[in-house]
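Have a look at the structure below before the remarks.
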Amino acid sequence: MSLHIYNTLSRTKEKFEPLHAPHVGMYVCGPTVYSDVHLGNCRTFISFDIIYRYLKFSGYKVRYVRNITDAGHLEGDRDEGEDKFAKKARLEQVEPMEIVQRYTTSFHEVMRLFNCENPSIEPTATGHILEQIEMTQTIINKGFAYEVDGTIYFDVEKYNQQKPYGILTNRKLEDLLEGTRELGGQDEKHGRLDFALWIKAKPEHLMQWQSPWGMGFPGWHIECSAMSKKYLGSQFDIHGGGMDLAATHHTNEIAQNEACYNTSPAKVWMHTNMLTVNGTRMSKSLGNGFLPHELFTGNHPLLEKAYSPMTVRFFMLQTHYRSTLDFSNEALQAAEKGFQRLMNAMEIIKNYELGIKNSSKSELDFEIEKLCDDCYELMNDDFNTAMVLANLFELASKIFAIKNNQLDVSQISSTIFAKMKTTFVDFIETIFGLQNENSNSSNDKLDEVLQLLINLRKEAKAKKDFATSDLIRNQLAEKGIQLKDEKDGTISWNVI
RNA sequence: GGUCCUGUGGCCGAGUGGCUAGGCAGAGCUCUGCAAAAGCUCGUACACCAGUUCGAAUCUGGUCGGGACCUCCA
């Protein structure tokens with residue numbers, strides 16, 4: 001099966017056909033850097049990291065654009081709250097750009113810990129003020145926006161007369177209007193759903209730019225439209241983000257692009273589902289967000305212990321990106337053990353060579369081959385990482401059994417063994433981006449020292465001096481190093 | 001109120017109209033000086049009520065429960 005992706009726009013899985021194969025343009029809404037990203041935010045970026053990796057693995061040349069929102073984001077009700085950066089800067093008595101810098105840096109650090117690849121381009125809103133002004137001007141010229149005292153609003157009801165505004169989330173304008181309050185006397189916009197493209201700045205506002213309509217700053221939604229157009233063109237392949245962005249942000253993006261360029265920006269809209277805590281969405285405003293470093297240190301009232309970045313990444317892969325994922329200690333602990341098992345299997349197969357040359361195909365061969373082939377089929381079916389993982393665990397069982405001579409190695413042909421090896425390692429490392437966090441090979445000195453102790457223990461065992469051999473094993477275990485007596489008489493170790 | 005999603009064994013979580021993932025935890029066995037690790041075996045789940053069907057956890061309708069979005073949020 002070729003790659004199929006669920007498109008929010010059509011609410012079905014569609015065959016993925018790039019506009020300009022082998023090139024793929026993908027835009028993902030990045031973080032607003034006025035505070036630390038929480039784990040829910042990370043889930044989206046990790047999901048798209050895997051999508052990005054898989055597209056590349058499948059042979060596509062991907063341009064992955066993920067923005068940094070560092071201006072224009074207002075608090076509270078539509079277009080009336082305080083600028084988030086300005087507020088934070090005021091509270092901490094620093095420049096808004098210091099806030100931006102601090103949280104951009106910390107975001108990058110978190111992405112690095114989660115082993116997310118850098119996007120091809122990471123544009124900032126403040127770096128594209130001109131493009132946003134130009135786009136706003138064009139929308140005014142086309143008659144879909146109007147100015148009120150230096151602020152420019154998008155005219156949703158006028159737009160809806162020509163194109164369906166609520167197309168992305170399947171909503172009628174009347175229904176949307178029902179959900180909004182009446183405009184009050186002090187409201188300056190004409191329609192209840194109208195949103196700002198450009199906002200007039202008060203004199204004391206710290207971040208403001210010159211525009212045809214006076215000093216001001218851009219609205220939130222226009223940045224993504226302007227930047228996706230600049231780097232991916234007016235139409236590109238995939239636009240992604242969290243599900244919470246679909247109803248407002250992405251809906252407005254589509255309207256802006258249609259009004260400006262007469263085309264919808266993306267062919268495929270992908271939305272990742274929310275991370276929940278006790279069944280409720282993790283969100284900044286609810287204050288139930290876990291920060292990555294709280295997780296890595298275990299420093300959080302709801303956590304019993306620390307969990308590593310790779311454990312969390314693995315944890316997220318066990319669920320499909322379009323399902324909600326509930327966050328709990330128990331689930332995390334299960335993930336930690338499962339992840340370690342998978343990594344153990346990978347270490348083994350990486351270093352294992354099949355002794356015998358065998359070319360005839362056995363039943364076992366067919367079984368292994370199917371498990372391998374299905375991994376690709378499952379990824380092609382809207383990135384079903386959970387099912388792929390199930391297959392990888394099946395392969396892991398085979399790998400352990402081979403190593404422990406619990407499976408007849410002569411039943412496996414050389415080509416199938418090689419296939420299993422590449423499939424296993426490609427999926428774990430290249431596509432899923434998982435890496436062994438306590439690999440033995442990473443520390444040669446430690447290994448040398450341990451070999452010394454291992455030899456002492458071997459001697460003790462040979463002399464049936466089990467008191468000494470157990471002492472060595474137990475004391476190392478206390479230091480977090482586990483010794484294992486293998487079947488062939490060797491002793492291996494790993495950090496636990 | 002509107003637009004949707006969802007309800008799976010002790011826990012987390014996939015899923016196709018019939019062949020009933022996977023992980024964690026639990027029980028037994030094998031291996032081992034003892035462990036550990038690993039292998040094998042076991043538990044037979046799909047909210048409830050009707051309907052369609054030879055056959056439904058999977059389709060349809062209803063009931064009850066949970067959640068998201070419609071206001072800033074990945």
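Chain naming here is simple, since letters A, B, ... match the order of the sequence lines and numbering starts at 1 in each. Predicted model only: the values in this text are computed from it and were never measured.
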Item to check | Check: Arg313(A) and Asp49(A) side chains under 4.5 Å, non-hydrogen atoms | outcome: yes
Next on the checklist: From the set G39(B), C70(B), C12(B), return the single nucleotide nearest to any side-chain atom of Leu176(A).
Outcome noted: C70(B)
Checklist entry - What's the CE-C1' distance between Met274(A) and G66(B), to the nearest Å? => result 17 Å
Checklist entry - What integer distance in Å separates Glu478(A):CD from A36(B):P? => result 17 Å
Checklist entry - Given side chains that start at C-beta, do those of Ile416(A) and Phe366(A) come closer than 4.5 Å, heavy atoms only? => result no
Checklist entry - Lys305(A): what forms a salt bridge (Lys or Arg N to Asp or Glu O under 4.0 Å) with it, not counting sequence neighbours? => result Glu336(A)
Next on the checklist: On the nucleotide C5(B), are OP1 or OP2 found under 4.0 Å from the side-chain N or O atoms that Ser323(A) carries?
Outcome noted: no
Checklist entry - Do Thr490(A) side-chain atoms and Glu486(A) backbone N/O form a donor-acceptor pair below 3.5 Å? => result no
Checklist outcome for this item: Looking only at C70(B), A35(B), A74(B), the nucleotide nearest the Thr32(A) side chain is A74(B)
Checklist entry - Tell me: CZ of Phe85(A) to C1' of C72(B), nearest whole Å? => result 12 Å
Checklist entry - By centroid distance (under 5.5 Å) and plane angle (under 30°), are Phe466(A) and G33(B) in a stacked arrangement? => result yes
For nucleotides 44-48 of chain B, print each protein N/O atom paired with a nucleotide N/O atom at under 3.5 Å, atom names and distance only.
none

Checklist entry - Has the side chain of Asp485(A) got a donor or acceptor atom sitting under 3.5 Å from an opposite partner on the base of C34(B)? => result yes
Checklist entry - Taking N and O atoms by type only, does the side chain of Gln482(A) place a donor or acceptor under 3.5 Å from a partner on the base of A36(B)? => result no
Next on the checklist: Rounding to an integer number of Å, can you tell me how far Leu325(A) CG sits from U6(B) P?
Outcome noted: 16 Å
Item to check | Nearest-nucleotide pick for Met387(A), side chain only, options being A35(B), A21(B), A74(B) | outcome: A21(B)
Checklist entry - Which residue, Ala396(A) or Ala467(A), contacts RNA chain B at a nucleotide closer to its 5' end, judged by nearest heavy atom? => result Ala467(A)
Next on the checklist: Judged by each residue's nearest nucleotide on RNA chain B, which is more toward the 5′ side, Thr272(A) or Leu389(A)?
Outcome noted: Leu389(A)
Checklist entry - Who are the salt bridge (Lys or Arg N to Asp or Glu O under 4.0 Å) partners of Asp465(A), not counting sequence neighbours? => result none
Next on the checklist: Between C24(B) and Arg341(A), counting only base atoms on the nucleotide and side-chain atoms on the residue, is there a donor-acceptor pair under 3.5 Å?
Outcome noted: no
Next on the checklist: What contact category does Ala331(A) fall into here, base, sugar-phosphate, or nothing, at under 4.0 angstrom with non-hydrogen atoms?
Outcome noted: sugar-phosphate
Item to check | Base of A74(B) paired with side chain of Arg43(A) (donor-acceptor, under 3.5 Å) | outcome: no
Checklist entry - Side chains of Thr324(A) and Asp326(A): donor-acceptor distance under 3.5 Å anywhere? => result no
Checklist entry - Rounding to a whole Å, what distance do you find between Lys84(A):NZ and U71(B):C1'? => result 11 Å
Checklist entry - With a non-hydrogen cut-off below 4.0 angstrom, is Leu483(A) in contact with a base, only sugar-phosphate, or nothing? => result base
Checklist entry - Can you find a side chain N or O atom of Lys337(A) that sits less than 4.0 Å from OP1 or OP2 on A25(B)? => result yes
Item to check | Any Arg322(A) side-chain nitrogen or oxygen under 4.0 Å from OP1 or OP2 of A68(B) | outcome: no
Checklist entry - How far does OG1 of Thr251(A) sit from CH2 of Trp269(A), to the nearest 0.5 angstrom? => result 8.0 Å
Checklist entry - Within the side chain of Thr151(A), is there an N or O that forms a donor-acceptor pair under 3.5 Å with the backbone of Lys200(A)? => result yes
Item to check | Strand-adjacent residues in residues 45-53 of chain A, judged by heavy atoms under 4.0 Å from RNA chain B | outcome: none
Item to check | Selection from C70(B), A21(B), A74(B) that lies nearest to any side-chain heavy atom of Ala247(A) | outcome: C70(B)
Item to check | Phe427(A)-Tyr376(A) aromatic ring centre distance below 6.0 Å | outcome: yes
Item to check | Listed nucleotide nearest any side-chain atom of Arg457(A), set G33(B), C12(B), G39(B) | outcome: G33(B)
Item to check | Arg341(A) vs Phe393(A) side-chain heavy atoms within contact, under 4.5 Å | outcome: yes
Checklist entry - Out of G2(B), G23(B), A38(B), which nucleotide sits closest to the side chain of Gln318(A)? => result G23(B)
Checklist entry - Within the structure shown, what part of the strands sits under 4.0 Å from Gly40(A) by heavy-atom distance: base, sugar-phosphate, or nothing? => result base
Next on the checklist: Please classify the nucleic acid contact of His38(A) as base, sugar-phosphate, or nothing, using heavy-atom distances under 4.0 Å.
Outcome noted: base
Next on the checklist: Side chain of Asp470(A) only, heavy atoms from C-beta on: which candidate in G39(B), A21(B), G33(B) is closest?
Outcome noted: G33(B)
Checklist entry - Are the side chains of Val65(A) and Pro119(A) in touch, meaning some heavy atoms are under 4.5 Å apart? => result no
Checklist entry - Given A38(B), G13(B), G23(B), which nucleotide is nearest the side-chain atoms of Ala334(A)? => result G23(B)
Checklist entry - Is it true that atom NZ of Lys163(A) has more than 12 heavy atoms of other residues, nucleotides or ligands lying nearer than 6.0 Å? => result yes
Checklist outcome for this item: Stems with RNA chain B, 3 or more Watson-Crick or G-U pairs in a row (under 3.5 Å), are B:1-7 with B:64-70, B:10-12 with B:22-24, B:26-30 with B:38-42, B:47-51 with B:59-63
Next on the checklist: Can you see if the side chain of Thr248(A) gets near the phosphate of C70(B) - specifically, an N or O under 4.0 Å from OP1 or OP2?
Outcome noted: yes
Checklist entry - Heavy atoms under 4.0 Å, any strand shown: does Glu336(A) hit a base, just sugar-phosphate, or nothing? => result nothing
Checklist entry - When all nucleic acid strands are considered with a 4.0 Å heavy-atom cut-off, which category describes Met243(A): base, sugar-phosphate, or nothing? => result nothing
Next on the checklist: Under 4.0 Å, counting only non-hydrogen atoms across every strand here, what does Ser469(A) touch: a base, just sugar-phosphate, or nothing?
Outcome noted: base
Checklist entry - Rounded to the Å, how far apart are Asn344(A) CG and G39(B) C1'? => result 15 Å
Checklist entry - With side chains defined as the heavy atoms from C-beta onward, is the minimum distance between Met282(A) and Asn288(A) less than 4.5 Å? => result yes
Next on the checklist: Within residues 373-386 of chain A, which residues have any heavy atom lying less than 4.0 Å from an atom of RNA chain B?
Outcome noted: Asn384(A), Ala386(A)
Item to check | Interatomic distance where CZ belongs to Arg11(A) and P belongs to A68(B) [whole Å] | outcome: 21 Å
Item to check | Row check, Phe48(A) ring normal vs Arg66(A) NZ/CZ: under 6.0 Å, within 45° | outcome: no
Next on the checklist: Using the ring pair (Phe, Tyr, Trp, His ring centres under 6.0 Å) definition, which of the options Phe424(A), Phe417(A), Phe400(A) pairs with Tyr352(A)?
Outcome noted: Phe417(A)
Checklist outcome for this item: Regarding the side chain of Leu275(A), the nearest nucleotide among A68(B), A74(B), G33(B) is A74(B)
Item to check | Nearest-angstrom distance from the residue atom CG of Leu342(A) to P of A38(B) | outcome: 12 Å
Next on the checklist: Looking at Glu14(A) and Asn7(A), would you say the former's side chain and the latter's main chain have a donor-acceptor pair under 3.5 Å?
Outcome noted: no
Item to check | Ring-ring centroid check Phe296(A) Phe114(A), cutoff 6.0 Å | outcome: yes
Item to check | Ring-ring centroid check Phe45(A) Phe107(A), cutoff 6.0 Å | outcome: yes
Next on the checklist: With a 4.0 Å limit, can you tell me whether Asn404(A) has a side-chain N or O closer than that to the phosphate oxygens OP1/OP2 of C31(B)?
Outcome noted: no
Next on the checklist: Nearest to the side chain of Leu245(A), heavy atoms from C-beta on, is which of G13(B), A74(B), G33(B)?
Outcome noted: A74(B)
